[in-house]
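Both counts, for ligands and for their atoms, begin at 1 and track the order of listing.
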Amino acid sequence: DTGMFTYDPGYTSTGSCESAITYIDGDQGILLHRGYPIQDLATNCSFLEVAYLLLEGELPTPEQYGTFEHAITHHTMVHEQIHKFLEGFRRDAHPMAVMCGIVGGLAGFYHDSTDISNPHHRMIASHRLIAKMPTIAAWAYKYSMGQPLIYPRNCLTYAEDLLHMLFAVPCEEYKVNPVLAKAMDRILILHADHEQNASTSTVRLTGSSGANPFACIAAGIASLWGPAHGGANEAVLNMLSEIGSKDNVSACVKRAKDKDDSFRLMGFGHRVYKNYDPRAKIMAQTCHEVLEELGIKDPLLDVALELERIALEDDYFVEKKLYPNVDFYSGIIFRAMNIPVSMFTGMFAVARTTGWVAQWNEMVTDPAQKIGRPRQLYTGPTQRAFVPFDKR
Ligand code: SDX
C-alpha cells in the first residue's frame, strides 16, 4: 500500500468547480459568456457592458449600464500614497511585478473589503478593482518611462481612459485615436474571462480561504504573468521578432516539431481548445482592420500569417490539434498602438480582472462553497524507520 491518493486534475478535493459565467467547448471552438457567443459580444458590446454581464449574469439595460458605468468611472483614481509605493520599485521592474505589488498592497487600503460577507462591501471592492486596474497598469508603464503619472478622466470611456493614461503627457493635449480605442475595447472583451484557466483558478483557490479580494487578484496577476499563460502575448512578439522574416518561418516550425530545446510556438496550442480559439479569429480580423485603418504595414503580421499558414498545414500541428490562441495576434495590434512588449501582459491583466472579480463573487456567494483543497498523487517513499544522525 503506497498510500497513493487519487488526483482529479483541475478539481478541488471538495468536488468540481461549478460556474455559470463562461462555457467553452474546446473541440467545437465555442466560447459563451452567460450564454452569449463571444462573437456577438465582441461585435456589439462595449467592454463595460460585458463586464456587467459577467458580474450580474444579464446584459444591462441602458439605465443599469449608466449606473454601472458611473460606479466604475468614479473609482478609477488610486490612493495618492501609491505614488510612494511605486517609488519603491526599480524603474526597470517588469510592469507585472509592479501591478502585482500594488494590487496586493491595496488590500491594506480598503478595510471594508476584508468583510466579504457584506454584499455592499463585495460590490465596492469589485468596482474598485475593475476601475483601478487601467490606472495601475498605466502608472506602472509611466513609472518605467520616468514620465509623470496621468490621472484618469471621467469623460472618457474605459478603453479611451486606459490609452489616455498610457500615452498622454502634461505638456500637450492627447487625443485618443477612436480606431485604437475601439480595438482596445474589443481586445479587453476578448480577454475578459475564460472559465477556469490557471489565473482564475488561482483567484478562486486564494479566495476560497476568505482572503481579501485585492490579495486574490494580486495572486491572479502573478499566475497570469507566466509565459505559458498570459505572458504568451509578450513571448509571441519576441518570437515573431526573432523569426524576423517569412523566409525563416519554416525553420522555426521545424524547431518546434523537433522539440530539441523544448521550444514551443508561442501563441499556439491550448489546454482546452483543440480547435481554433474563437477569440483568435476575432483578434486576427481586428488586427487587419487596425493596421489597414492606420495605414500600417507591419512585417511581423506577414511573419505571423506565414507561420499560421505553414503550421495549419503541417501534420504535426494538425495531429496535436495546435491552433492559434488568443495571444497569437494581440501583440501585433498592441504594437500598432505603440504599447511596449513589456506591457502586453499588463493589458491582459486589465481585462481579466473583470473575469477574476466575477468568478470570485460567484464563489464567495455560493452557500455550498468550502475552502479549496486539491489532492495529490503521492510518489514519495512509503513509511520507513528513522535513522539517527550519527548512523547516517
Ligand atoms: C492562455 O487556460 C486558458 O484558458 C488560458 C487562456 C485564457 O484565456 O486564460 O486561454 C490564455 O494562456 C492561452 C495559451 C497561451 N500560451 C501559449 O501560447 C504558450 C504556447 N502554448 C503552449 O505552451 C501550450 O500549448 C499550452 C501551455 C497552452 C498548453 O500546453 P499543453 O497542455 O502541454 O498542450 P497540449 O497537452 O495540448 O500539448 C499536446 C502536445 C505536446 O506534445 P507531446 O507531449 O504530445 O509530444 O502538443 C505540444 C506539446 O509539447 N505542444 C506544442 C505547443 N503546444 C503544445 N508544440 C509546439 N508548440 C506549441 N505551442
Applying ring pair (Phe, Tyr, Trp, His ring centres under 6.0 Å), can you list everything that pairs with H270, at least two apart in sequence or on another chain?
H194, Y273
Residues lining ligand 1 [heavy-atom distance under 4.0 Å, listed by chain and residue number]:
H194, N197, P227, A228, H229, A232, K259, R264, L265, M266, G267, F268, G269, H270, R271, K274, R279, Y316, K320, L322, N325, D327, F348, R352
Contacts of type side chain to side chain contact (heavy atoms under 4.5 Å, CB included), residue P37, not counting sequence neighbours:
L32, Q39, D40
N275 and Q28, any side-chain heavy atoms less than 4.5 Å apart:
no
Distance-only side-chain donor-acceptor flag, S126 / N361, under 3.5 Å
yes
Describe, in one word, how the ring planes of H94 and W225 are oriented to each other, choosing from parallel (under 30°), tilted (30 to 60°) and perpendicular (over 60°).
tilted
With sequence neighbours left out, the residues meeting ring pair (Phe, Tyr, Trp, His ring centres under 6.0 Å) with Y110 are F214
